[in-house]
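Structure first, then comments.
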Number of protein chains: 2
Amino acid sequence: MFSIGELSKRTKVKVPTIRYYEEMGLLPEAERTAGNQRRYDKAGLERLSFIRHARDLGFSIEAVSSLIELQDHPDRSCEAATDIAASQLADVRAKIKRLRTLEKELSRISKGCDGEGVSEDCYVLASLADHNLCDGEHQKA
Amino acid sequence: MFSIGELSKRTKVKVPTIRYYEEMGLLPEAERTAGNQRRYDKAGLERLSFIRHARDLGFSIEAVSSLIELQDHPDRSCEAATDIAASQLADVRAKIKRLRTLEKELSRISKGCDGEGVSEDCYVLASLADHNLCDGEHQKA
DNA sequence: TCTTGAACCTCTAGTTACTAGAGATTGTAT
DNA sequence: ATACAATCTCTAGTAACTAGAGGTTCAAGA
């Protein structure tokens, strides 16, 4: 059994974040010492590693919650898990796509001004002011 | 002079968001009718277009604020503007890089399970549980 | 001119996933 | 026994909005 600080060190998840996960229900309520401090064992470590891994891959807390639920029921169909992963993948791909559009446009705009002149002549500012100066395919929607 | 609803329609920025921008100082306080409703003119429209354009490119409110400040002073050096743009570009590129790593890993994991089995045998869940099953280069840091 | 209903007003609270800090208590090493 | 790092709970803050309550104003038709 080890303390929350020790768990934090081993998983590289910050102490307040661990408490937060507990509050959110990702981690079960930890056992406590007589003095009310949390104590963890191997199971706690493994679960937190799972969470951290999933979070690192960009899964939302809610998604992680569902994934844990599934992991806790080895006999259930894992369709939901693959769905969640697929949806996360689609999400990531959509974000990449959008960011690439932004990158193109930002890069083009950036190149238009070397920063040595005054605002009035700045291509960066002019581009922002006038949508006609850009490729115009970077709307949010 | 036109209403906030009209401004919203023309810029595709939602009404509450316009009010929010005013509160944040991105938009100057609008003129009001006798009955306290906001009225805008061409200048307001142009400024909001500028904001929307910058936000679409991913600039933070704070960055937009600085950009506006510069635009309001045509005689100042525009170095800050190009710096902001360059930093935003770097940011976008960093995000793309990270997302590409995630995409690779998620895609690999996703392919490992077709969702027809049970949790116990699910490669998605197993990968999350055991970091050794993945390429391991997708930490946050 | 009167009425009605859409549009407007302000204010508060909620969203995501934490982070920071205050003030009090506990664990552990000397 | 004592000191001090680590822990505890609780509140508030972050970014950039969004949603909703409860009340007022504007504009168009009768």
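Bear in mind that the values here come from a model prediction, so they are computed numbers and not experimental data. We use all heavy atoms of the structure for the numbers below, so side chains are in, but hydrogens, waters and symmetry mates are not. In the text below, chain A, chain B and the rest are named by the order of the sequence lines, each starting its count at 1.
Atom CG in B:Leu27 sits roughly 12 Å away from atom P in D:dC17 (whole-Å rounding). D:dA27 atom C1' lies 11 Å from atom CD of B:Gln37, rounded to whole Å. A:Ile18 places its CD1 atom 9 Å from the P atom of D:dC8, with the value rounded to the nearest Å. Straight-line distance from the CZ atom of A:Phe2 to the C1' atom of C:dG27: 17 Å, rounded to whole Å. If you measure from atom CG of B:Leu7 to atom P of C:dA7, you get 15 Å, rounded to the nearest angstrom. Here the P atom of nucleotide C:dT19 and the CE atom of A:Met24 are 14 Å apart, to the nearest Å. Put simply, CD on B:Glu6 is 18 Å from P on C:dA6, counting in whole angstrom units. For the pair B:Ile51 CD1 and D:dC17 C1', the computed distance is 14 Å after rounding to whole Å.
Judged by distance alone, with hydrogens and angles left aside, the side-chain atoms of A:Ser65 form no donor-acceptor pair with the main-chain N or O of A:Ile61 at under 3.5 Å. At least one donor-acceptor pair closer than 3.5 Å links the side chain of B:Asp41 to the backbone N or O of B:Gly44. B:Arg47 contributes no side-chain N or O that, together with a main-chain N or O of B:Leu27, makes up a donor-acceptor pair within less than 3.5 Å.
Within the 4.5 Å cutoff, no side-chain heavy atoms of B:Tyr40 are placed close to those of B:Leu45. Looking only at side-chain heavy atoms (C-beta outward), B:Arg38 and B:Arg32 come within less than 4.5 Å of each other.
Distances from the side chain of A:Ile61 to the nucleotides D:dA16, C:dC18, C:dG27 place C:dC18 closest. Nearest nucleotide to the B:Arg55 side chain, out of D:dA16, D:dC26, C:dC18: D:dA16. For B:Val15, counting side-chain heavy atoms from C-beta on, the closest listed nucleotide (C:dC8, D:dA6, D:dA16) is C:dC8.
Contacts between residues 80-88 of chain B and DNA chain D, defined by a heavy-atom separation below 4.0 Å, involve no residue at all.
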Full working for side chain to side chain contact (heavy atoms under 4.5 Å, CB included) between A:Arg100 and A:Ile96: CA-CA 6 Å; A:Arg100 272 216 265 261; A:Ile96 290 174; 3.8 Å; yes

Verdict with reasoning, B:Arg76 to A:Val118, per side chain to side chain contact (heavy atoms under 4.5 Å, CB included): CA-CA 5 Å; B:Arg76 280 203 207 152; A:Val118 291; over 6 Å; no

CA sep, side-chain torsions, deciding dist, call: A:Glu23, A:Arg19, salt bridge (Lys or Arg N to Asp or Glu O under 4.0 Å): CA-CA 6 Å; A:Glu23 201 184 310; A:Arg19 294 201 195 100; over 6 Å; no

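Tested against B:Leu48, the residues B:Val13, B:Leu26, B:Thr17 include a single side chain to side chain contact (heavy atoms under 4.5 Å, CB included) partner, B:Val13.
Between D:dA16 and B:Tyr21, no contact under 4.0 Å exists linking OP1 or OP2 to a side-chain N or O. Proximity of A:Lys14 to the phosphate of C:dT19: a side-chain N or O atom is located under 4.0 Å from OP1 or OP2. When the side-chain nitrogen and oxygen atoms of A:Ser3 are compared with OP1 and OP2 of C:dG27, none of them lie within a distance under 4.0 Å.
Using a 4.0 Å cut-off between charged side-chain N and carboxylate O, B:Glu105 and B:Arg108 make a salt bridge.
Both A:Ile4 and B:Thr17 lie near DNA chain D, and the one whose nearest nucleotide falls closer to the 5' end is A:Ile4. Ranked by how close their nearest DNA chain C nucleotide is to the 5' end, A:Tyr20 and A:Arg39 are led by A:Tyr20.
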Please write out the pairs of protein N or O atoms and N or O atoms of nucleotides 10-14 of chain C separated by less than 3.5 Å, giving the distance to one decimal.
from   : atom 1 : to      : atom 2 : distance (Å)
C:dT10 : OP1    : B:Arg32 : NH1    : 3.3
C:dT10 : OP1    : B:Arg32 : NH2    : 3.2
C:dT10 : OP2    : B:Arg38 : NH1    : 3.1
C:dT10 : OP2    : B:Arg38 : NH2    : 3.0

